[in-house]
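Labels below follow one simple rule: chain letters A, B, ... track the order of the sequence lines, proteins then strands, and each chain is numbered from 1.
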2 protein chains.
Amino acid sequence: MERPRIRDYFQQDLSQNETITPKQRAILQASLDLFAEKGFDQTSTSDIAQRAGVAEGTVYQRYKTKVALRDAILAPITAHIVPILASDFSEDKLRQRYPSLQAFVTAIFTDRVAFAKANVKELKVIFEMAAFDTERREQILSQIAPKMVKQMGSVINQLKADHLIVDWPNDLILQSLLSQLFGYLAQLMLELPGTEIEREQAYLITVMTKILTPGEHDQITGQ
Amino acid sequence: MERPRIRDYFQQDLSQNETITPKQRAILQASLDLFAEKGFDQTSTSDIAQRAGVAEGTVYQRYKTKVALRDAILAPITAHIVPILASDFSEDKLRQRYPSLQAFVTAIFTDRVAFAKANVKELKVIFEMAAFDTERREQILSQIAPKMVKQMGSVINQLKADHLIVDWPNDLILQSLLSQLFGYLAQLMLELPGTEIEREQAYLITVMTKILTPGEHDQITGQ
DNA sequence: CATTAAAATGAGTTATCACTCACTTATTTT
DNA sequence: AAAATAAGTGAGTGATAACTCATTTTAATG
């Protein structure tokens with residue numbers, strides 16, 4: 001497996017800009033943990049204060065509202081998820097011709113899977129928000145989707161020209177890949193049992209490759 | 001595509017047992033709609049009463065608590081989802097030998113996809129609950145997972161004996177299929193754009209079949 | 001060390017929400 | 001149609017949770 005080249009900002013995320021006091025940092029960490037454990041609405045600000053070991057007033061020192069606190073946690077993720085999901089591979093990864101599907105899938109998804117693994121908690125909070133906040137969901141999607149469709153599309157078209165990939169509409173190809181990624185994510189987020197994460201990750205690449213390999217079973221069986 | 005043979009109880013779900021007054025029915029419907037739209041915690045009992053066109057006290061007439069109300073909605077689903085997901089195909093569908101993968105996948109998943117489509121709202125509420133209520137999630141899973149693994153496992157083993165299916169561990173096979181189903185569900189629940197539901201459904205079967213077809217790319221690429 | 005600014009505190013305020021109950025209206029039963 | 005039972009009502013209650021602010025503690029600065 002290729003070495004994962006996750007950018008540093010995933011780790012130092014929470015505190016990247018400005019000075020931040022240890023207590024503020026504790027508040028962010030406690031919030032993230034609790035939001036991921038119990039959900040946003042089921043987490044009270046007094047819960048947060050208690051877990052962080054501070055007074056409740058301290059929570060409101062920097063973040064005016066509970067929602068602002070959640071946004072402060074999600075901001076770095078949503079700010080960086082766009083490059084990771086869409087633009088990131090625009091330069092080097094896009095220009096090159098892939099010799100095989102396996103190479104393509106590996107190049108495109110290794111980073112993303114690593115990203116997901118490193119940010120399970122944040123993703124869970126994002127999903128909870130996106131599930132019911134239609135506006136926000138659409139706003140985030142409108143940032144990501146077009147870029148992704150366009151950029152992946154051009155790579156896929158190249159592969160099609162070389163007859164290296166199945167001859168489906170590009171959106172179907174994307175969907176099948178994202179479904180697979182999504183299922184993997186669900187496994188991580190829900191802590192479903194029977195999961196050896198390392199093996200799963202390699203397997204994900206294999207399955208994706210298999211889906212895309214051209215073959216005789218490729219016609220869509222509609223009615 | 002095979003005709004969908006969805007059982008009746010999906011349609012008459014909410015009112016299946018006992019006499020239920022029109023107002024009670026309106027309350028259940030309003031609750032379901034609101035829970036799916038805004039989420040459980042963001043829906044107040046006065047919201048429900050208003051949407052249903054009844055007094056707030058009426059909500060508490062039959063259901064002692066808000067949680068009990070949610071359970072009353074989910075009960076028929078969770079009661080029937082077990083047969084649908086696991087036992088349903090135990091008799092006829094299990095015994096027969098499948099001539100092709102396509103036949104197997106179609107037989108197994110057509111019902112389930114139809115079920116999902118007919119119960120998007122309910123599934124959304126279930127997922128919200130399962131996301132953060134660890135106990136309940138595990139309880140539901142413990143009912144479904146073992147049956148499913150066992151019964152699907154035996155069919156898969158048969159197919160393996162006939163060399164009709166990829167030679168992967170059964171849990172990996174199941175995961176890849178469920179991921180695909182899960183991705184489709186996410187599409188329905190989140191109302192993601194660019195979706196022609198009918199086409200997607202046919203495509204789902206095709207992709208699943210493709211994943212399972214034996215071939216040369218089948219070795220898991222681990223490190 | 002003294003002064004000033006920033007950070008932290010926690011008791012208090014306000015609003016909302018789940019839930020109750022004494023009472024009214026509708027529906028059966030005799 | 002009188003009596004009895006069930007269904008429905010909505011003002012009221014207690015608890016909880018988000019948020020405020022006057023005050024204290026800590027850190028920075030001259």
Quickly work out the [X] [atom1] to [N] [atom2] distance and round it to whole Å.
{"X": "A:Gln42", "N": "C:dA18", "atom1": "CD", "atom2": "P", "result": "11 Å"}
{"X": "A:Tyr60", "N": "D:dA17", "atom1": "OH", "atom2": "P", "result": "11 Å"}
{"X": "A:Gln50", "N": "C:dT9", "atom1": "CD", "atom2": "P", "result": "13 Å"}
{"X": "A:Tyr63", "N": "C:dA8", "atom1": "OH", "atom2": "C1'", "result": "15 Å"}
{"X": "B:Lys66", "N": "D:dA15", "atom1": "NZ", "atom2": "C1'", "result": "15 Å"}
{"X": "B:Ile48", "N": "C:dT16", "atom1": "CD1", "atom2": "C1'", "result": "15 Å"}
{"X": "A:Asp41", "N": "D:dT16", "atom1": "CG", "atom2": "P", "result": "17 Å"}
{"X": "A:Ile27", "N": "D:dC19", "atom1": "CD1", "atom2": "C1'", "result": "14 Å"}

Side chains of [X] and [Y] only: does a donor on one sit below 3.5 Å from an acceptor on the other?
{"X": "A:Ser154", "Y": "A:Asn157", "value": "no"}
{"X": "A:Glu56", "Y": "A:Thr45", "value": "yes"}
{"X": "A:Gln201", "Y": "A:Lys117", "value": "yes"}

Q: Return no unless some side-chain N or O of A:Thr45 is found under 4.0 Å from OP1 or OP2 of D:dA18.
A: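 Yes.
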Q: Indicate yes or no: does A:Asp71 engage A:Arg136 in a salt bridge with an N to O separation below 4.0 Å.
A: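 Here A:Asp71 pairs with A:Arg136 in a salt bridge, since their nearest N and O are under 4.0 Å apart.
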Q: Please round to the nearest 0.5 Å and tell me the distance separating atom CD1 of B:Ile173 and atom OH of A:Tyr203.
A: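 B:Ile173 atom CD1 to A:Tyr203 atom OH measures 9.0 Å (nearest 0.5 Å).
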Q: Would you give a per-nucleotide map of nucleotides 6-11 of chain D, 5' to 3', where B means the base has a protein non-hydrogen atom under 4.0 Å away, S means only the sugar-phosphate does, and - means neither?
A: -BBBB-
**Q.** Residue pair A:Met208 / A:Leu177: nearest heavy atoms and the distance that separates them
**A.**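 Shortest heavy-atom contact: CE-O, 3.3 Å.
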